[in-house]
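Below: one structure, written as structure tokens.
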Amino acid sequence: MLKDIKTIFFGTPDFAVPTLNMLLKETNIIAVITQPDKKVGRKQIILPSPIKKVTVKNNIKILQPQKIKDNKDFINQIKDLNPDIIIVAAYGKIIPKEILDLPKYGCINIHASLLPKYRGASPIQTAIFNGEKETGITIMVMNEKMDEGDIIAQISEKIYNYDTSESLHNRLSKIGAKFLLKILPDYINKKITPRPQDNKLATYTKIIQKEDGKINWQQDANKILRQINAFTPWPSAYTFIGQKRFKIIQAEAINQNPKRQEGTTFIYENKIAIACQNSILLIKKWQPEGKKEILTTDYLFGNKNIINKIAI
RNA sequence: CGCGGGGUAGAGCAGCUUGGAAGCUCGUCAGGCUCAUAACCUGAAGGUCGGCGGUUCAAAUCCGCCCCCCGCAA
């Protein structure tokens, strides 16, 4: 039944891969649209997106337009393919109305939050940063505005205190694929009526900048810990000690007066700790510039002089 | 040719500038002290100093090429 549905998939990063895999298995994928290959890594080698890799491996038609808006060629190609449905997961570009209106079942988007909360570019990171206890997946019918489409279905997912954006991202990407498969037949058979979002309750998330990872030690360790978890693995929460950058990989907040100036490094339980405002950030694992991730316990064996410095 | 840090014992590091016996903090093993110990004392094992080549009486150290890891930038 789903196998008869001609589907076009729009997506780019890892988050979209489980959904694409599911669609490849369950529906009739006639084309995949992803962002153009980009330069990645130290050597600036041009690499395909994760979605492109999967698509090529499965011998599916792939399109990578530089821009979509006013791109007549591209829009005509989509028209000619005559899809029954378009499914979008983290594509990364705005899709114009001309395309949204094409398929008879419309354009469906998977978004990693419980809309109308956390619309925009960084729902997972922002939910963790704000200390939310739960978030989820929303499947909606797209309109021209960003993440404002009518909601088809939602599923919530708990955020654990040990969650990082990486771990939560991995769970949500799988949940999203599974959940889409579950609701898709009912949606197509019109057993679900999409309901509008309450725009008054909407909140927005920004594109994360590298600078957002810089730690300000003049604040509570619990807040810094949320920053660390929210920005792992990218761009990472970091600080400078001397001239060197240290990425904080894993830490724990301790509600105890550090009795030191904010930013001061010291030893606590054989690990490196840094004084925060009325609290202590106990660093379990970090990554010094030019080095691999390392337990601070191990780091201390050869770098005792790291203590009693000021992190900035 | 984007900029930069690094590869030395199981872990983390020093030694390289100015070539001359392989060292430090831990861990491991054995023994000692102790009511006891993750503490302390004594001893031991464990290294092709990333690889190949060159210079030299002599190379972790100087020179050349290569491999690998990482930070910035994008």
Side-chain angles (χ1 to χ4, degrees), chain A residues 11-17 33-53 62 64-68 90-94 120-122 124-125 129 164-167 169-170 205-217 224-225 227-252 254 256 263-275 280-312:
Chain A
T12 302
D14 285 318
F15 182 81
V17 170
I33 322 301
T34 191
Q35 298 251 12
D37 297 357
K38 281 189 178 149
K39 288 190 249 177
V40 193
R42 232 182 310 275
K43 299 267 188 253
Q44 290 291 285
I45 299 164
I46 295 175
L47 285 178
S49 71
I51 283 298
K52 184 176 179 181
K53 285 184 200 158
I62 189 156
Q64 299 175 274
Q66 277 294 339
K67 63 169 209 170
I68 299 188
Y91 172 55
K93 277 182 159 66
I94 302 287
S122 58
I124 297 173
Q125 293 92 328
F129 188 74
T164 64
S165 286
E166 186 175 33
S167 60
H169 168 281
N170 289 344
T205 63
K206 288 184 261 183
I207 291 176
I208 292 170
Q209 309 288 331
K210 229 171 258 192
E211 263 298 300
D212 296 330
K214 178 94 191 290
I215 294 171
N216 170 13
W217 297 103
I224 294 171
L225 185 60
Q227 182 184 7
I228 293 163
N229 290 336
F231 296 150
T232 298
W234 191 91
S236 290
Y238 58 90
T239 190
F240 287 92
I241 300 173
Q243 293 301 309
K244 278 205 178 122
R245 175 193 297 254
F246 292 80
K247 288 184 176 177
I248 314 295
I249 309 296
Q250 210 179 77
E252 190 180 301
I254 296 171
Q256 195 181 103
T264 307
T265 56
F266 59 102
I267 296 178
Y268 190 100
E269 291 178 353
N270 285 323
K271 299 176 185 72
I272 293 168
I274 297 183
I280 296 167
L281 190 76
L282 181 63
I283 301 169
K284 293 175 176 169
K285 202 190 271 182
W286 71 3
Q287 181 175 22
E289 185 176 320
K291 294 290 193 180
K292 287 191 182 179
E293 288 182 16
I294 181 175
L295 295 170
T296 56
T297 310
D298 291 345
Y299 184 82
L300 279 169
F301 288 134
N303 298 283
K304 292 270 192 301
N305 57 358
I306 196 72
I307 63 165
N308 257 325
K309 296 283 192 301
I310 300 289
I312 300 170

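For clarity, every value in this text was computed on a predicted model and none was experimentally measured.
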Candidate nucleotides rA74(B), rG71(B), rC13(B), ranked by approach to the side chain of N303(A) - the nearest: rC13(B)
Sugar-phosphate only, base, or nothing, as touched by E293(A) at under 4.0 Å among non-hydrogen atoms: nothing
P atoms of rA59(B) and rG54(B), separation to the nearest Å: 12 Å
Sugar-phosphate only, base, or nothing, as touched by K244(A) at under 4.0 Å among non-hydrogen atoms: nothing
Nucleotide of rG6(B), rG71(B), rU25(B) approaching K291(A) most closely (side-chain heavy atoms): rG6(B)
Any side-chain donor near an acceptor of the partner, T296(A) and W286(A), under 3.5 Å: no
Pairwise C1' distance for rG20(B) and rG15(B), with rounding to whole Å: 14 Å
rU61(B) to rU8(B) separation - C1' atoms, rounded to the nearest Å: 12 Å
Nucleotide forming a Watson-Crick or wobble pair with rC40(B), both distances under 3.5 Å: rG32(B)
C1' gap between rC33(B) and rC49(B), integer Å: 38 Å
Sugar-phosphate, base or nothing in reach of K38(A), heavy atoms under 4.0 Å: nothing
Atom-to-atom span, CD of Q35(A) to C1' of rA74(B) - whole angstrom: 15 Å
Nucleotide forming a Watson-Crick or wobble pair with rC65(B), both distances under 3.5 Å: rG51(B)
Partner nucleotide, any strand, of rG23(B) [Watson-Crick/G-U, under 3.5 Å]: rC13(B)
Test: R245(A) cationic atom under 6.0 Å from F240(A) six-membered ring centre, within 45° of axis: no
Validation: residues 301-312 of chain A side-chain donor-acceptor distances under 3.5 Å, sequence neighbours left out:
unit_1, atom_1, unit_2, atom_2, d
N303(A), ND2, Y299(A), O, 3.0
K304(A), NZ, L300(A), O, 3.3
K309(A), NZ, N305(A), O, 2.7

Any donor-acceptor N/O pair, Q287(A) side chain to K291(A) backbone, under 3.5 Å: yes
Donor + acceptor pair across side chains of T34(A), S49(A) (<3.5 Å): yes
Distance, C1' atom - from rA38(B) to rC52(B), rounded to whole angstrom: 46 Å
I294(A) side-chain proximity, nearest of rG71(B), rG12(B), rU25(B): rG12(B)
Candidates rC70(B), rG71(B), rA11(B) - which lies nearest the side chain of K292(A): rC70(B)
